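Read through the structure below, which is laid out as structure tokens, and then see the notes.
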Amino acid sequence: MHNGLPSPVTAVVLVAAGSGERLGYGMPKAAVPLGGEPILLHSLRGIVAAGVGSQICIALPSGHDGLRQLVDDFRLELADAGPILTVVDGGATRADSVRSALAALEEGTEAVLVHDAARALTPEYVFERVVDSLAAGALAVIPAVPVVDTVKTVAATTGEGSNLAPELVTGTAHRESLRSVQTPQGFHLPTLLRAHQAAQDLDEKEFAAVTDDAMLVEMLGIPVYAVRGSTQSLKITTPLDLIIAEGLLEGPLGVRWVEG
């Protein structure tokens, strides 16, 4: 209870089934070392430190025993003090992984936060803002930050134009109303379950265009609210992201991780 309102019974779905090919380590992204420890461990510690979930359901790459052992070791580290830790096999797509995790949530769960393990350094206050919004009655809420770059729409060049450049600018978006979206994304659990059920009717092209859970809820016509995210909540996808995350660990965030 951060805003005076009782928080719903909340679980966290941690999506950690990505291949991590772009990082070039030859291992799943969640297993890649960050500050000497796997990315997954940083993600788990961040969620526990935020104190927002009674259960963490982790979608891991199928058959990766090392990550399962890491969760088992972390469970022992928590002893009886922390949330229930559940592991499920991730699917072929992110949506498949989320669905598998949703099916494994404890009875009585009222709300769910869907979080990417790759956003391993998300500050605790971002989790709290999302939960506060859910407690106030939002059915869907996402953390977001303003877009700082100028964003343009483009189209592939044709005819003689293709000799000049591969693409042609077709317009410039109004940056003031644009946001970069992060996780954790919070949902009233029945709402997210209904959104995933409706997604089963999408054709392949429509489904491929869905990049986060909030889009599925938007398709139902349900309002999705936005709270302030954090620039520290970067998604570790490329080697450069990993370098930046290492720098954050050595900077002001470092103390938090040492203290757990």
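Position 1 is the first residue of the sequence; numbering continues from there. Worth saying up front: this structure is predicted, and the values here are computed from it rather than measured.
Considering OG of S54 and CD of E110, their distance stands at 9.5 Å, rounded to 0.5 Å.
For the 3.5 Å distance criterion, the side chains of Q69 and D65 fail to qualify, holding no donor opposite an acceptor. Between the side chains of T157 and S162, no donor-acceptor pair is found at a separation under 3.5 Å.
Counting heavy atoms from C-beta on, the side chains of V13 and L105 come closer than 4.5 Å. Residues T153 and T172 form no side-chain contact, since every pair of their non-hydrogen atoms from C-beta on lies 4.5 Å or further apart. Side chains of H196 and D213 form a contact here, defined as non-hydrogen atoms less than 4.5 Å apart. Q182 places none of its side-chain heavy atoms less than 4.5 Å from the side chain of D116. With contacts defined as side-chain heavy-atom distances shorter than 4.5 Å, the pair L113/L134 qualifies. Using a 4.5 Å heavy-atom threshold, the side chains of V32 and P38 count as separate. At a threshold of 4.5 Å between non-hydrogen side-chain atoms, the residues P223 and L139 do not count as touching. Put simply, the side chain of L40 reaches to within 4.5 Å of the side chain of L14, judged on heavy atoms.
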V210 and M219: CA distance, side-chain angles, deciding distance, side-chain contact (heavy atoms from CB on, under 4.5 Å) verdict: CA-CA 10 Å; V210 175; M219 288 175 179; 3.6 Å; yes
side-chain contact (heavy atoms from CB on, under 4.5 Å) between I222 and R194: does it pass, once the steps are laid out? CA-CA 11 Å; I222 292 170; R194 187 155 65 89; 3.4 Å; yes
From CA spacing to verdict: side-chain contact (heavy atoms from CB on, under 4.5 Å), L249, H42: CA-CA 10 Å; L249 273 182; H42 290 283; 3.8 Å; yes
Going through the checks in order, is the salt bridge (charged side-chain N to carboxylate O under 4.0 Å, His left out) test met by D72 and R75? CA-CA 5 Å; D72 287 341; R75 191 180 281 116; 2.7 Å; yes
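A donor-acceptor pair is defined here as one N or O able to donate and one able to accept, closer than 3.5 Å; such a pair exists between the side chain of T10 and the backbone of P8. Looking at S133, its side chain never comes within 3.5 Å of a backbone N or O of V141 through a donor-acceptor pair. R179 places no side-chain N or O within donor-acceptor distance of the main-chain N or O of V145, the cut-off being under 3.5 Å. Side-chain atoms of S230 come within 3.5 Å of backbone N or O of Q232 as a donor-acceptor pair. With hydrogens and angles disregarded, no donor-acceptor distance shorter than 3.5 Å links the side chain of K29 to the backbone of I39.
Nearest heavy atom pair, residue C57 against residue A104, reads SG-CB, 3.9 Å. Taking each heavy atom of H174 and L178 in turn, the nearest pair found is O-CG, 3.5 Å. G46 and E124 get closest at one heavy-atom pair: O-CG, 4.3 Å. The minimum heavy-atom distance linking A245 with L121 is given by the pair O-CD1, 3.6 Å. Closest of all the heavy-atom pairs between A16 and A30 is O-CB, 3.8 Å. Between P33 and M27, the closest heavy-atom pair is CD-SD, 4.4 Å.
Listed by first and then second residue, the ring pair (Phe, Tyr, Trp, His ring centres under 6.0 Å) pairs that reach into residues 64-117 are H115-F127, sequence neighbours excluded.
Open room surrounds CD on E204; 12 or fewer heavy atoms of other groups in view lie less than 6.0 Å from it. A 6.0 Å sphere centred on OH of Y225 holds no more than 12 heavy atoms belonging to other residues, nucleotides or ligands. Within a 6.0 Å radius of CZ in R228, other residues, nucleotides and ligands contribute 12 heavy atoms or fewer.
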When the side chains of residues 81-91 are checked against the rest of the protein, which donor-acceptor pairs come out under 3.5 Å, sequence neighbours left out?
| from | atom 1 | to | atom 2 | distance (Å) |
| --- | --- | --- | --- | --- |
| T86 | OG1 | Q55 | NE2 | 2.9 |
| D89 | OD1 | R68 | NH2 | 2.2 |

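Of the candidates I142, V114, V126, V126 is the only one forming a side chain to side chain contact (heavy atoms under 4.5 Å, CB included) with P184.
Taking a cutoff of 4.0 Å between a charged side-chain nitrogen and a carboxylate oxygen, D212 and R94 do not qualify as a salt bridge. Under a 4.0 Å N-O distance rule, the pair D149/R175 does not qualify as a salt bridge. Salt bridge present: D96 and R99 bring a charged side-chain N and a carboxylate O closer than 4.0 Å.
Cluster annotation: L44 and V12 are assigned to the same hydrophobic cluster (Ile/Leu/Val/Met/Phe/Trp/Tyr, side-chain heavy-atom contacts under 4.5 Å, transitive). No chain of hydrophobic side-chain contacts below 4.5 Å, direct or via other Ile, Leu, Val, Met, Phe, Trp or Tyr residues, connects L202 to V224. Note: the hydrophobic cluster containing V48 also contains L70 (ILVMFWY, side chain heavy atoms under 4.5 Å, direct or indirect links). At a threshold of 4.5 Å between side-chain heavy atoms, the hydrophobic network of Ile, Leu, Val, Met, Phe, Trp and Tyr places Y125 and V130 in two separate groups. Residues L78 and V71 share a single hydrophobic cluster, defined by chaining ILVMFWY side chains whose heavy atoms lie under 4.5 Å apart.
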